[in-house]
Amino acid sequence: MEEKKSEEITYTPTYREILLGVRMNGYIRTTGKRAAVETILLLVAGGLFLSSYLRQQDKNSLFFFGLCLLLIAVLWIVPECAMRYRARQLDEGKEIRVCMTEQGFIRRFPMGDEVLFPLDGSLTAREKKQVYWFCRRDGKELLVPLRGLPPTVRESWEQRMQQVVAGE
C-alpha cells in the first residue's frame, strides 16, 4: 500500500521561536504558579522584616528584608537564564525538514535519520503565538512555526496541527 505524503516543508527556527518552545516544554518547572506563590510569601516576609526595621531600627531585620528581595530576584532570573541557555543549545540556525503523512509528522535529519511524531493521540502538543510544539513520550520534540509553512500547504498543515493540539 503506497503511503500518501504531503509536500515536505523546510524552515529555520529563530531564537525566539526556540525559546518559546523551551517554555512550552516546561524545561524549567519553577516558573508560573509556584513561583508566584513563593514570590508572594517572600514579599510578605520581606514586608514584615521591613516593618520591623522601621519600628525598631534593627539592622538584622533590614538584612533579612534584603535577603527576601534577593531571593525573589533569584527565583525569577535563574530559571529565565537557564531557559535562554537551553534555547541557544538547540537548533538555532539549523534547517529543519518535516513531512506530514497519514501517520503523523516526520522530521528528517541531514544524515538520513527520521523521527515520526504520530497522530495517534500519544503526542503532547501545544500552540502559542503561531508556533506549534509537539513532544513524543521519549522526549523528542518538534517545533513548527506557522511562518515556516509555504502558502500552498499552510491551511492543511495548520488544520492538522490544530487537531493534534485539541486532542482529536
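Quantities reported herein were computed from a predicted structural model and do not represent experimental measurements. For this chain, numbers begin at 1 and follow the sequence in order.
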How many angstroms lie between atom [atom1] of [X] and atom [atom2] of [Y], to the nearest 0.5 angstrom?
| X | Y | atom1 | atom2 | result |
| --- | --- | --- | --- | --- |
| I9 | T152 | CD1 | OG1 | 10.0 Å |
| L20 | Q130 | CG | CD | 11.0 Å |
| D113 | I106 | CG | CD1 | 13.0 Å |
| L69 | L43 | CG | CG | 7.5 Å |
| N60 | L67 | CG | CG | 12.0 Å |
| C99 | L116 | SG | CG | 10.5 Å |

Heavy-atom check, side chain of [X] versus side chain of [Y], under 4.5 Å:
| X | Y | result |
| --- | --- | --- |
| F134 | V164 | yes |
| L123 | C135 | no |
| L142 | V98 | yes |
| E155 | E158 | no |
| S122 | R136 | no |
| L146 | M161 | yes |
| T10 | I96 | no |
| L149 | V144 | yes |

- request: Walk me through it: do E141 and W133 pass the test side-chain hydrogen bond (donor to acceptor under 3.5 Å, both in side chains)?
  value: CA-CA 7 Å; E141 299 173 305; W133 173 81; 3.1 Å; yes

List the atom of [X], the atom of [Y], and the distance in Å for their closest heavy-atom pair.
| X | Y | result |
| --- | --- | --- |
| V131 | M24 | O-CE, 3.8 Å |
| G46 | C68 | N-SG, 3.7 Å |
| A35 | L75 | O-CD2, 3.5 Å |
| Y15 | A87 | CE1-CB, 3.8 Å |

task: Return yes if some donor-acceptor pair links the side-chain N/O of R154 with the main-chain N/O of G148 below 3.5 Å, else return no.
output: no

message: Looking at V165, is its backbone amide N or carbonyl O close enough to the side chain of Q162 to form a donor-acceptor pair, meaning the two atoms are under 3.5 Å apart?
response: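 Flag not set: sc Q162 to bb V165 has no pair under 3.5 Å.
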
- prompt: Is L42 linked to L48 within one hydrophobic cluster, defined over Ile, Leu, Val, Met, Phe, Trp and Tyr using a side-chain heavy-atom separation of less than 4.5 Å?
  reply: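 In one cluster with L42: L48, no.
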
- prompt: Do the side chains of I40 and L50 join up, straight or via other hydrophobic residues, at under 4.5 Å, putting them in one cluster?
  reply: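 Different clusters: I40 never reaches L50 through Ile, Leu, Val, Met, Phe, Trp or Tyr contacts under 4.5 Å.
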
Less than 6.0 angstrom separating the ring centers of [X] and [Y], yes or no?
| X | Y | result |
| --- | --- | --- |
| F64 | F49 | yes |
| W157 | Y132 | no |
| Y53 | F65 | no |

message: Under a 4.0 Å threshold between the charged nitrogen and the carboxylate oxygen, would E95 count as salt-bridged to R108?
response: no

- prompt: In terms of heavy-atom contacts, does CD of Q57 have more than 12 from other residues, nucleotides or ligands at under 6.0 Å?
  reply: yes

message: Are there over 12 heavy-atom neighbours, none belonging to R97, within less than 6.0 Å of that residue's CZ?
response: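 Atom CZ in R97 is crowded, with more than 12 foreign heavy atoms closer than 6.0 Å.
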
task: Could you check K129, R147, K128 and say which one makes a salt bridge (charged side-chain N to carboxylate O under 4.0 Å, His left out) with E17?
output: R147

task: Determine, stepwise, if the pair R23 / E80 fulfils salt bridge (charged side-chain N to carboxylate O under 4.0 Å, His left out).
output: CA-CA 9 Å; R23 287 183 176 135; E80 182 65 24; 2.3 Å; yes

